[in-house]
Amino acid sequence: SELDKGIDDLDLAQGVTLDVAGVTADMNETFTQLGLAMLAAIAIVYFILVVTFGEGVAPFAILFSLPFAVIGSFVGLYIAGETISVTVMMGLLMLIGIVVTNAIVLVDRIIHMERNGMTMRDAILEAGATRLRPILMTAIATMGALVPLLFGSGGGGLISKGLGITVIGGLASSTLLTLVVVPIVYEVLSKMFKKN
C-alpha cells in the first residue's frame with residue numbers, strides 16, 4: 001500500500017510507463033477470478049432453488065442468508081488480525097454452498113407446513129422449533145471440523161488459518177441470523193408477492 005502511494009506520487013517522464021507484474025499481478029487476477037466465481041455460484045444456487053421450489057420468493061429469502069456469512073467472516077478476520085487473501089476468498093466461495101443449506105431446511109419446512117394447511121405464521125413458528133436443533137447440530141459439527149485449521153503451524157498453517165476463520169465466522173453468524181431473519185424475509189416477501 002505504501003509503495004502504491006509512492007508510485008502514484010511519481011512524476012514520470014514522457015514515454016515512460018509503469019506496470020505491475022509478478023505476485024501482485026497474479027493476486028489481482030486471482031481475486032478477480034474468485035469474485036466472478038462467487039457471482040456465478042450465487043446465480044447457479046438461485047437457479048437450482050427456483051427450479052426445485054418452482055417459485056422465486058423462497059429462493060430469494062434463502063439467499064438473504066449470504067450477507068450474514070460475509071459479516072461473520074470479516075468480523076472473524078478482523079478479530080484474528082488476518083488480511084483478505086486467496087484462501088479467504090476460497091472460504092467465502094465455500095460458504096455460498098454451506099450457508100444456504102440451513103436456510104433451505106428452514107424454508108422448505110415452512111412451505112411444507114403451509115401446504116398442510118397451517119397459517120404462514122404458525123408454519124414459521126413450527127419450522128423454527130423443529131429445525132432449530134438439526135441446523136445448530138450441522139453448523140456446530142462443521143465449525144468443529146474446521147477448528148484444527150486455526151491452529152495449523154508452518155507454511156500450511158498460514159494458508160489454512162484464513163480459510164478456517166472465514167468459514168467458521170461466516171457459518172456462526174449466518175446460522176444465528178438465518179434462524180431469525182430468513183423467516184421474516186420469507187413472510188414479508190410472501191405477503192407482497194404471493195398472497196393478498
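Computed from a prediction, not measured in an experiment: that's the story for all the values here. Values below: all heavy atoms of this structure, side chains included; hydrogens, waters and symmetry mates excluded.
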## Note on the structure
d(I168 CD1, L149 CG) to nearest 0.5 Å is 7.0 Å

#### Entry: Interatomic distance, L77 atom CG to K161 atom NZ [nearest 0.5 angstrom]
10.5 Å

#### Entry: For M113, the rest of its hydrophobic cluster, which grows through side-chain links under 4.5 angstrom
M118

### Summary
Rounded to the nearest 0.5 Å, the CG atom of D108 sits from the OG1 atom of T101 at a distance of 12.5 Å

### Task
Go through V181 and I184 one step at a time and tell me if the side-chain contact (heavy atoms from CB on, under 4.5 Å) criterion holds.
CA-CA 5 Å; V181 176; I184 293 170; 5.6 Å; no

### Task
Starting from L3, walk the hydrophobic network (Ile, Leu, Val, Met, Phe, Trp, Tyr; side-chain heavy atoms closer than 4.5 Å) and list everyone else you reach, by chain and number.
I7, L10, L12, V16, L18

### Query
Do you know the tightest heavy-atom contact between A123 and I110?
CB-O, 3.7 Å

#### Entry: Shared hydrophobic cluster, L39 / V88 (ILVMFWY, side-chain heavy atoms < 4.5 Å)
no

### Task
Please name the pair of heavy atoms, one in Y46 and one in G56, separated by the smallest distance, quoted to 0.1 Å.
OH-O, 3.5 Å

### Task
Would you indicate whether the side-chain heavy atoms of V185 and V188 approach each other to under 4.5 Å?
no

### Task
Evaluate the criterion side-chain contact (heavy atoms from CB on, under 4.5 Å) for residue pair S174 and L95; output intermediate values, then yes/no.
CA-CA 10 Å; S174 68; L95 276 173; 5.7 Å; no

#### Entry: From CA spacing to verdict: side-chain hydrogen bond (donor to acceptor under 3.5 Å, both in side chains), T87, S85
CA-CA 5 Å; T87 54; S85 63; 3.0 Å; yes

### Message
Holding to salt bridge (charged side-chain N to carboxylate O under 4.0 Å, His left out), I want the full list of residues that pass it with R121, two or more places apart in sequence or in another chain.
### Response
E187

### Summary
d(F53 CZ, I104 CD1) to nearest 0.5 Å is 6.0 Å

### Task
Indicate yes or no: at least one non-hydrogen side-chain atom of P183 is less than 4.5 angstrom from one of L106.
yes

### Message
Nearest 0.5 Å, please: how far is OG in S65 from CD1 in I98?
### Response
12.0 Å

### Pairs flagged by ring-ring contact (aromatic ring centres under 6.0 Å, His included) wherever residues 62-86 is involved - sequence neighbours left out
F60-F64

### Task
Find out if a path of hydrophobic residues (ILVMFWY) with successive side-chain heavy-atom gaps under 4.5 Å connects M143 to L176.
no

### Query
In Å, rounded to the nearest 0.5 Å, how long is the span from CG of L163 to CE of M89?
13.0 Å

### Task
Please report the shortest heavy-atom distance between G164 and L150, naming the atom on each side.
C-CD2, 3.8 Å

### Summary
Across all chains, not counting sequence neighbours, the salt bridge (charged side-chain N to carboxylate O under 4.0 Å, His left out) partners of R109 are E126

### Task
Could you pull out the closest heavy-atom pair between T166 and G91, with the gap in Å?
CG2-C, 3.9 Å

### Query
Any link between V45 and I42 through a network of hydrophobic side chains (Ile, Leu, Val, Met, Phe, Trp, Tyr) touching at under 4.5 Å?
yes

### Task
Might you work through the side-chain contact (heavy atoms from CB on, under 4.5 Å) test for L63 and L66, ending with a clear yes or no?
CA-CA 6 Å; L63 288 183; L66 291 178; 3.8 Å; yes

### Query
Any chance CE of M90 has more than 12 other-residue heavy atoms, nucleotides or ligands included, within less than 6.0 Å?
no

### Query
Can you name the side-chain contact (heavy atoms from CB on, under 4.5 Å) partners of I48, sequence neighbours left out?
I44, T52

### Taking every non-hydrogen atom, the tightest pair across I96 and M38
CD1-O, 3.7 Å

### Task
Identify the heavy atoms of A80 and I165 that sit nearest to each other, and give their distance.
CB-CD1, 3.4 Å

#### Entry: Path from I111 to M192 over hydrophobic side-chain contacts below 4.5 Å
yes

### Query
For A172, does its backbone N or O pair with a side-chain atom of T175 as donor and acceptor, under 3.5 Å?
no

### Task
Determine, using the 4.5 Å side-chain heavy-atom cutoff (strictly less than), whether I140 and V100 are members of one ILVMFWY cluster.
yes

